[in-house]
Structures are given as structure tokens and as C-alpha cells.
Undergrad: 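Once you've had a glance at the structure underneath, I'll fire off some questions.
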Amino acid sequence: QLQLVESGGGLVQPGGSLRLTCVASGFTLDYYAIGWFRQAPGKEREGVLCITSSGGSTNYADSVKGRFTISRDNTKNRVYLQMNSLKPEDTAVYYCAAGGPVADRIIRDQSMCVPMNYDYWGPGTQVTVSS
């Protein structure tokens with residue numbers, strides 16, 4: 001069974017840090033683009049950061065540039081989202097997703113993370129930034 005599971009969410013004060021981990025089972029992430037997305041209450045799901053299967057990356061959301069970084073460890077079949085200098089507006093459910101060649105190409109050619117191009121999704125992990 002193909003599965004993605006996120007972990008590492010929680011409650012953090014403004015200015016704090018969290019590292020989210022996405023672990024795949026049932027398939028290898030080597031050939032997939034990976035995206036981190038988030039959805040706040042009443043808002044649409046938005047792309048945060050995505051990384052191509054080869055390791056290239058894009059900062060999709062201007063609001064996280066300089067604060068969030070994405071990395072992947074294919075030997076462990078997992079992807080990370082390091083979040084620093086967290087703000088209350090970062091509060092959301094965070095999802096990781098795996099996409100095929102179309103997702104890869106859109107990251108490379110358009111520097112975009114588009115949810116509809118991702119085939120496998122985790123259940124999400126809640127991140128709450130509050131004092």
C-alpha cells in the first residue's frame with residue numbers, strides 16, 4: 001500500500017522552529033517530486049515548497065522565503081521541511097505529497113507547486129504558531 005505520513009507538527013511560539021518529516025512506505029521516493037502544502041481554516045490549499053526527484057527545489061510561497069527549507073534523503077525514503085522564524089500566519093495543516101513527471105517538470109520549468117499534479121498525499125500534521 002502506497003502511503004505518506006507526516007510528523008513533527010505541534011504548538012510553537014512565534015519565532016520558534018519546527019521540522020516536519022514525511023516518510024513514504026510502499027514505494028520509493030527517488031522518482032517522485034515532493035511537495036509540502038498547507039491549508040489554513042477557510043483557505044485554499046497552497047504550495048509551500050517543492051523539490052524535484054533529482055533534488056532541485058523551488059520556493060513557491062513568497063511568505064516562507066528565507067525561513068523554510070526543504071530537503072530529501074532518498075536513502076531513508078523521507079523528505080523534510082525545516083521551518084524557522086515561525087509566524088502566527090504559518091498556522092495550518094501541513095501535507096506532503098508525491099508527484100510524477102508532470103510535477104517534476106512544472107517545478108523545473110515554472111517554479112511552481114501545483115496540488116493537482118501530485119498523486120499521493122499524507123493525512124497532514126497540524127502546525128500552530130501562537131504565544
Side-chain angles (χ1 to χ4, degrees):
Q1 182 178 2
L2 306 180
Q3 193 174 20
L4 292 171
V5 178
E6 306 93 341
S7 63
L11 173 64
V12 62
Q13 292 187 342
S17 298
L18 284 175
R19 188 176 81 157
L20 305 184
T21 301
C22 174
V23 180
S25 60
F27 69 111
T28 177
L29 291 178
D30 293 37
Y31 307 109
Y32 288 86
I34 301 297
W36 282 99
F37 299 83
R38 66 185 181 186
Q39 189 165 19
K43 295 187 177 181
E44 292 187 356
R45 189 168 299 189
E46 66 168 342
V48 178
L49 281 173
C50 298
I51 189 166
T52 57
S53 58
S54 65
S57 64
T58 185
N59 292 349
Y60 180 72
D62 289 340
S63 60
V64 306
K65 285 183 178 179
R67 300 189 297 122
F68 290 12
T69 56
I70 188 172
S71 61
R72 64 190 300 159
D73 185 345
N74 287 346
T75 65
K76 296 182 178 180
N77 219 28
R78 57 186 62 189
V79 180
Y80 305 98
L81 180 66
Q82 179 67 42
M83 305 186 295
N84 299 326
S85 302
L86 283 161
K87 304 175 181 180
E89 51 264 43
D90 295 318
T91 296
V93 178
Y94 283 72
Y95 302 88
C96 70
V102 174
D104 236 21
R105 186 175 68 249
I106 289 178
I107 295 171
R108 287 198 314 270
D109 298 345
Q110 302 181 30
S111 296
M112 294 177 67
C113 311
V114 180
M116 66 178 293
N117 297 132
Y118 290 77
D119 305 307
Y120 305 107
W121 290 81
T125 185
Q126 176 71 45
V127 172
T128 302
V129 185
S130 176
S131 56

Undergrad: For the atom pair OG (Ser53) and CZ (Arg72), what is the distance rounded to the nearest 0.5 Å?
TA: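 Those atoms lie 6.5 Å apart.
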Undergrad: Pairing donors with acceptors under 3.5 angstrom, does anything connect the side chains of Ser17 and Asn84?
TA: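 Note: Ser17 and Asn84 side chains meet the donor-acceptor criterion.
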Undergrad: Find out whether Glu6 and Leu20 are in side-chain contact, i.e. whether some heavy atom of one side chain is under 4.5 Å from a heavy atom of the other.
TA: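 When only atoms from C-beta onward are counted, Leu20 and Glu6 do not touch, as no gap falls below 4.5 Å.
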Undergrad: Flag yes if Leu29 and Leu2 sit in one hydrophobic cluster, no otherwise; membership is Ile, Leu, Val, Met, Phe, Trp, Tyr, and two members link when side-chain heavy atoms are under 4.5 Å apart.
TA: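 The answer is yes; both residues are in one hydrophobic cluster.
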Undergrad: Would you give the length of the straight line joining atom CD1 of Ile107 to atom CD1 of Ile51, rounded to the nearest 0.5 angstrom?
TA: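 Separation between the atoms: 8.0 Å.
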Undergrad: Do Cys113 and Val48 come within less than 4.5 Å of each other through their side chains, counting heavy atoms only?
TA: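 Cys113 vs Val48: side chains apart.
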Undergrad: Are Ile70 and Tyr120 in one and the same hydrophobic cluster, where Ile, Leu, Val, Met, Phe, Trp and Tyr link if side-chain heavy atoms are under 4.5 Å apart?
TA: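 Yes, because Ile70 and Tyr120 connect within a single hydrophobic cluster, where side-chain heavy atoms sit under 4.5 Å apart.
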Undergrad: Would you say that Thr28 contacts Asn77 through its side chain, given a criterion of any heavy-atom pair below 4.5 Å between the two side chains?
TA: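 A side-chain contact exists here, since the closest heavy-atom pair is under 4.5 Å.
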Undergrad: Please check if Tyr95 and Val64 belong to a single hydrophobic cluster, counting links between Ile, Leu, Val, Met, Phe, Trp and Tyr side chain heavy atoms closer than 4.5 Å.
TA: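 No, it is not one cluster - the side chains of Tyr95 and Val64 are not joined through contacts under 4.5 Å.
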Undergrad: Measure the spacing between CG of Leu4 and OH of Tyr118 and express it to the nearest 0.5 Å.
TA: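 Going from CG on Leu4 over to OH on Tyr118, the span is 12.0 Å.
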Undergrad: Compute the centroid of each ring, for Phe68 and then for Trp36, and state whether the two points are separated by less than 6.0 Å.
TA: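 That pair fails the under 6.0 Å test.
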Undergrad: For Arg45, check salt bridge (charged side-chain N to carboxylate O under 4.0 Å, His left out) against everything at least two apart and list the hits.
TA: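 Counting only residues at least two positions away or on another chain, Arg45 forms no salt bridge (charged side-chain N to carboxylate O under 4.0 Å, His left out).
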Undergrad: Arg38: which residues meet the salt bridge (charged side-chain N to carboxylate O under 4.0 Å, His left out) condition with it, sequence neighbours left out?
TA: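 Salt bridge (charged side-chain N to carboxylate O under 4.0 Å, His left out) check on Arg38 returns Glu46, Asp90.
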Undergrad: Rounded to the nearest 0.5 Å, what's the gap from CD on Gln82 to OG1 on Thr21? Could you check?
TA: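 Rounded to the nearest 0.5 Å, the CD-OG1 separation comes out at 9.5 Å.
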Undergrad: For residues Leu86 and Leu18, report the shortest heavy-atom separation together with the two atoms involved.
TA: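 Of all heavy-atom pairs spanning Leu86 and Leu18, the closest is CD1-N, 3.9 Å.
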Undergrad: To the nearest 0.5 Å, how far apart are SG in Cys22 and CG in Leu81?
TA: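 Taking SG in Cys22 and CG in Leu81, the distance rounds to 10.0 Å.
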Undergrad: With a 6.0 Å cut-off (strictly less than), is the heavy-atom count around CD of Glu89, excluding the residue itself, greater than 12?
TA: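 Yes, CD of Glu89 has more than 12 neighbouring heavy atoms, counting only those of other groups under 6.0 Å.
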Undergrad: Verify whether one side chain among Ser54 and Thr52 offers a donor that lies under 3.5 Å from an acceptor in the other.
TA: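 The criterion, which ignores hydrogens and geometry beyond distance, is satisfied for Thr52 and Ser54.
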Undergrad: Taking the side chain as every heavy atom from C-beta outward, state whether Gln126 and Thr91 have any atom pair closer than 4.5 Å.
TA: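 Yes, side chains in contact.
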Undergrad: Please name the pair of heavy atoms, one in Ser130 and one in Pro14, separated by the smallest distance, quoted to 0.1 Å.
TA: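 Heavy-atom minimum between the residues: C-CD, 3.6 Å.
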Undergrad: Looking at every heavy atom in both Gly47 and Phe37, which two are closest together, and how far apart are they?
TA: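 Taking every non-hydrogen atom into account, CA-CD2, 3.4 Å.
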Undergrad: Which atom pair, heavy atoms only, marks the closest approach of Val93 to Gly124?
TA: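 The pair with the smallest heavy-atom distance is CG1-CA, 3.9 Å.
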Undergrad: With rounding to the nearest 0.5 Å, note down the distance linking OH in Tyr32 to CZ in Phe27.
TA: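 Output value for this atom pair is 6.0 Å.
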Undergrad: Give the cluster check for Val127 versus Leu11: same hydrophobic cluster or not, with ILVMFWY residues linked at side-chain heavy-atom distances below 4.5 Å.
TA: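 Not linked; separate clusters.
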